[in-house]
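Comments concern the structure below.
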Amino acid sequence: MLEAVKGLLSTLGYEVQGDDEMLLNFCISKVTSTIKNDINWQEIPEGLRPIAVNMVLGEFLMAKKTFMPDSLSMLDLGVGIKQLQEGDKNTTFATGESTQTDEQRLNAFISHLLTDGRDEFGSYRRLRWN
């Protein structure tokens, strides 16, 4: 999962630094734990791995934005994302005359990464017997 997240960060124009590894591993641990607790599995099912990678990316960007905002200066947020399509889900963003700031665009992107696909958890959820 670490390499997948690094690859996505590279696609966004962010170069992973040596000190990012610890934060990335923490985010992976947090997201993995959250998903496993939610669905009651010992491992993350293959079908939820892409969602987990997006969530890790969202957690990482949120932590960087909160504690080290200058480290995200290499991200080009001036170019708006018009449309995201993942499977049968389609999200279209307003573009053109948008008055959103770079920070608002980053917040929307992070929110999308952290929440998109969570509705699929129910397909994998197992009952807990106490």
Side-chain angles (χ1 to χ4, degrees):
M1 188 178 309
L2 179 62
E3 292 307 314
V5 175
K6 285 181 177 180
L8 283 175
L9 284 168
S10 175
T11 315
L12 294 173
Y14 181 87
E15 287 190 37
V16 176
Q17 307 299 316
D19 54 348
D20 289 336
E21 192 105 4
M22 190 169 99
L23 179 58
L24 283 168
N25 285 323
F26 174 78
C27 293
I28 290 170
S29 177
K30 179 180 178 188
V31 167
T32 300
S33 179
T34 298
I35 293 174
K36 291 189 317 187
N37 287 336
D38 195 325
I39 65 173
N40 195 28
W41 282 47
Q42 295 298 318
E43 297 294 324
I44 296 178
E46 195 62 36
L48 294 180
R49 288 199 181 276
I51 295 166
V53 169
N54 280 349
M55 289 174 67
V56 169
L57 181 59
E59 290 285 346
F60 178 78
L61 291 175
M62 180 62 79
K64 284 295 220 176
K65 178 185 164 289
T66 303
F67 298 108
M68 297 165 268
D70 292 339
S71 67
L72 296 178
S73 62
M74 69 207 40
L75 296 179
D76 183 12
L77 299 172
V79 177
I81 299 171
K82 181 178 180 181
Q83 185 175 22
L84 289 175
Q85 185 165 357
E86 209 172 312
D88 62 345
K89 294 184 187 240
N90 191 5
T91 305
T92 305
F93 299 99
T95 57
E97 65 279 343
S98 175
T99 58
Q100 281 188 328
T101 65
D102 287 351
E103 184 176 8
Q104 289 169 326
R105 277 195 279 283
L106 179 60
N107 288 339
F109 182 57
I110 290 171
S111 177
H112 173 77
L113 290 170
L114 292 173
T115 58
D116 187 53
R118 282 185 174 257
D119 55 341
E120 294 181 36
F121 289 5
S123 300
Y124 294 90
R125 191 166 287 126
R126 294 181 179 170
L127 293 176
R128 288 192 175 107
W129 297 95
N130 292 329

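Positions are given from 1 along the sequence.
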Would you please name every residue forming a side-chain contact (heavy atoms from CB on, under 4.5 Å) with [X], sequence neighbours left out?
X     : value
Pro45 : Ile39, Trp41, Leu48, Tyr124
Asp70 : none
Lys65 : Leu72, Glu103, Leu106, Asn107, Ile110

Query raised in the report: What residues form a salt bridge (charged side-chain N to carboxylate O under 4.0 Å, His left out) with Glu21, not counting sequence neighbours?
Result: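 Applying salt bridge (charged side-chain N to carboxylate O under 4.0 Å, His left out) to Glu21 gives Lys6.
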
Requested in this report: Please name all residues satisfying salt bridge (charged side-chain N to carboxylate O under 4.0 Å, His left out) with Glu46, sequence neighbours left out, ordered by chain then number.
Outcome: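 Result, salt bridge (charged side-chain N to carboxylate O under 4.0 Å, His left out) vs Glu46: Arg49.
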
Residues that [X] engages under side chain to side chain donor-acceptor pair (under 3.5 Å), provided they are two or more places apart:
X      : answer
Arg118 : none
Asn25  : none
Lys64  : Tyr14, Asp20
Asp119 : Lys89

Report task. Quick one: which residue pairs count as a salt bridge (charged side-chain N to carboxylate O under 4.0 Å, His left out) with a foot in residues 32-42, not counting sequence neighbours? Result ->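 Qualifying pairs, neighbours excluded: Asp38-Arg125.
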
Query raised in the report: Which pairs, with at least one residue in residues 23-34 and sequence neighbours excluded, count as a salt bridge (charged side-chain N to carboxylate O under 4.0 Å, His left out)?
Result: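 Those involving residues 23-34 are Lys30-Glu59.
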
Query raised in the report: Given side chains that start at C-beta, do those of Val31 and Met1 come closer than 4.5 Å, heavy atoms only?
Result: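 No, side chains not in contact.
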
Query raised in the report: With distance as the sole test, does Asp116 use its side chain to make a donor-acceptor pair with the main-chain N or O of His112 at under 3.5 Å?
Result: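 Not confirmed, Asp116 side chain does not pair with His112 backbone.
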
